[in-house]
Amino acid sequence: MAAWTNIFATIFLACSAFALPTTRQLSASCSLSNARLQVPSNQTQLTAPTIAPTFIALGLGTQNYTCNATSSTYVLTGAVAELFDSSCIYGTPAFDTAPEVAYTAWDATTGLVTPQDVITTLALVPNPLVLGQHMYVPNPAGTGLSPKWDFTSSGGTAGNPDAYAIGAKIGDLPSSDSTLNIDSLMIKVVEGSLANEIFRVQNNGGQPPAQCNAQSSNITVKYTAQYWFFGGNVTGNNI
Ligand SMILES: *[C@@H]1O[C@H](CO)[C@@H](O)[C@H](O)[C@H]1NC(C)=O
Ligand SMILES: *[C@@H]1O[C@H](CO)[C@@H](O)[C@H](O)[C@H]1NC(C)=O
Ligand SMILES: *[C@@H]1O[C@H](CO)[C@@H](O)[C@H](O)[C@H]1NC(C)=O
Ligand SMILES: *[C@@H]1O[C@H](CO)[C@@H](O)[C@H](O)[C@H]1NC(C)=O
Ligand SMILES: *[C@@H]1O[C@H](CO)[C@@H](O)[C@H](O)[C@H]1NC(C)=O
C-alpha cells in the first residue's frame with residue numbers, strides 16, 4: 001500500500017508541474033430518477049428520504065481545526081471542498097468505491113495538488129462536472145459557523161444566485177472507524193434553494209489527532225465524502 005500511494009504521489013507531483021486545464025467543462029449529467037439513498041439499519045440518526053435526490057456529489061477537500069489548549073482537543077473551524085457530479089456513475093461499482101479511491105489518492109498528495117488534479121488523473125468519470133463548492137459561513141441565525149454548499153458559479157446552475165444551501169445538522173452517525181473518518185450527517189437546509197435536505201455519507205478521513213497542545217495551532221485534514229441533495233427548486237441553463 002505504501003508503495004502504491006508513493007506512486008500516486010509521484011504521479012500527482014509530476015502532473016502538477018504541467019499546466020493542467022483550468023476550465024471546468026460541462027459533461028452530460030445523468031438521470032438520478034432511480035437513485036435512492038441507503039442508510040444503515042439499526043440507527044435513528046439518519047432517515048433516508050424515499051424520493052430521488054436532485055444531485056449527488058463526490059466531495060474532496062479538507063476539514064480545518066484549531067487547537068483549544070484548555071481541553072487539549074482540536075475544534076472544527078470549517079471545511080473547504082470541491083464537489084464533483086457523481087450522477088453518471090450511479091449504479092456502477094465505481095459509485096460506491098469512488099470516495100475511498102479518491103481519498104487514498106487525495107491523502108497521498110502534497111500542497112500544490114488540487115482536488116481537480118486528483119479527479120482528472122483518476123478518471124473515475126470522464127471530464128467530470130464541477131457542481132460547486134462546500135465551505136463554512138457565519139450562521140445566518142446566530143453565533144458560530146454553518147456549512148454551505150454553493151452551486152452558484154459552477155455546473156448547470158452557474159449564474160443562479162439562489163443555487164446554494166446553508167444547513168443545520170439534524171442527525172449524526174459516527175463512523176465505525178471514528179478515529180479516522182468523520183461522521184455521517186443528515187442536514188436540514190435553513191437558507192437557499194439548492195435543496196431541502198442534505199446527507200454526508202461514505203466519509204473517508206477528516207478526523208484530527210485526538211490531542212493537541214499549542215493554543216490556536218491550526219491544521220487541515222484531508223477527506224472525501226458523498227453528498228446527497230434532496231428537494232430544492234433551482235433552475236439553470238443545463239438543469
Ligand atoms: C443494533 O444495535 C445494538 C446496540 O448497539 C446491537 O446490540 C445489535 O446487535 C444491533 N443489531 C443489528 C442487527 O445490527
Ligand atoms: C476550550 O475548552 C474549554 C474546556 O473544555 C471550554 O470551556 C472552552 O469553551 C473551549 N473553547 C472553545 C473556543 O471551544
Ligand atoms: C481551510 O483550509 C483550507 C486549506 O485546505 C483553506 O484554503 C481555507 O481557507 C480554510 N478555511 C477555513 C474556514 O479555515
Ligand atoms: C424554493 O426553495 C426555497 C428554499 O427551500 C424556498 O424558500 C422558496 O420559497 C422556494 N420557491 C419556490 C417557488 O418554491
Ligand atoms: C487559527 O485559527 C483560528 C480560528 O480560525 C484563528 O483565530 C487563528 O488566528 C489561527 N491561528 C493561526 C496561527 O493562524
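Each ligand, and each atom within it, is numbered from 1 in the order the structure gives. The basis for the numbers below is simple: all heavy atoms, side chains too, and nothing from hydrogens, waters or symmetry mates.
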Exercise. Quick check: does Asn68 get an N/O under 3.5 Å from an N/O on ligand 2?
Worked result: yes

Exercise. So which residues, sorted by chain and number, lie with a heavy atom under 4.0 Å of ligand 3?
Worked result: Thr62, Asn64, Thr77, Val80, Thr220

Exercise. Do Leu131 and Phe84 come close enough that some side-chain heavy atom pair is under 4.5 Å?
Worked result: no

For this session: Return the set of residues passing salt bridge (charged side-chain N to carboxylate O under 4.0 Å, His left out) with Lys169 (not counting sequence neighbours), or none when no residue passes.
Result: Asp172

Contacts table for residues 142-149: side-chain donor-acceptor under 3.5 angstrom, sequence neighbours left out:
residue : atom : partner : partner atom : Å
Trp149  : NE1  : His134  : ND1          : 3.4

Exercise. Is there a side-chain contact between Phe229 and Phe151, using heavy atoms and a 4.5 Å cut-off?
Worked result: yes

For this session: Report, as yes or no, whether the 6.0 Å neighbourhood of atom CD on Gln43 holds more than 12 heavy atoms from other residues, nucleotides or ligands.
Result: yes

Per-pair distances, 0.1 Å, donor-acceptor, side chain in residues 56-66, under 3.5 Å, sequence neighbours excluded:
residue : atom : partner : partner atom : Å
Thr62   : OG1  : Asn64   : OD1          : 2.9
Tyr65   : OH   : Gly206  : O            : 2.5
Thr66   : OG1  : Asn218  : OD1          : 2.5

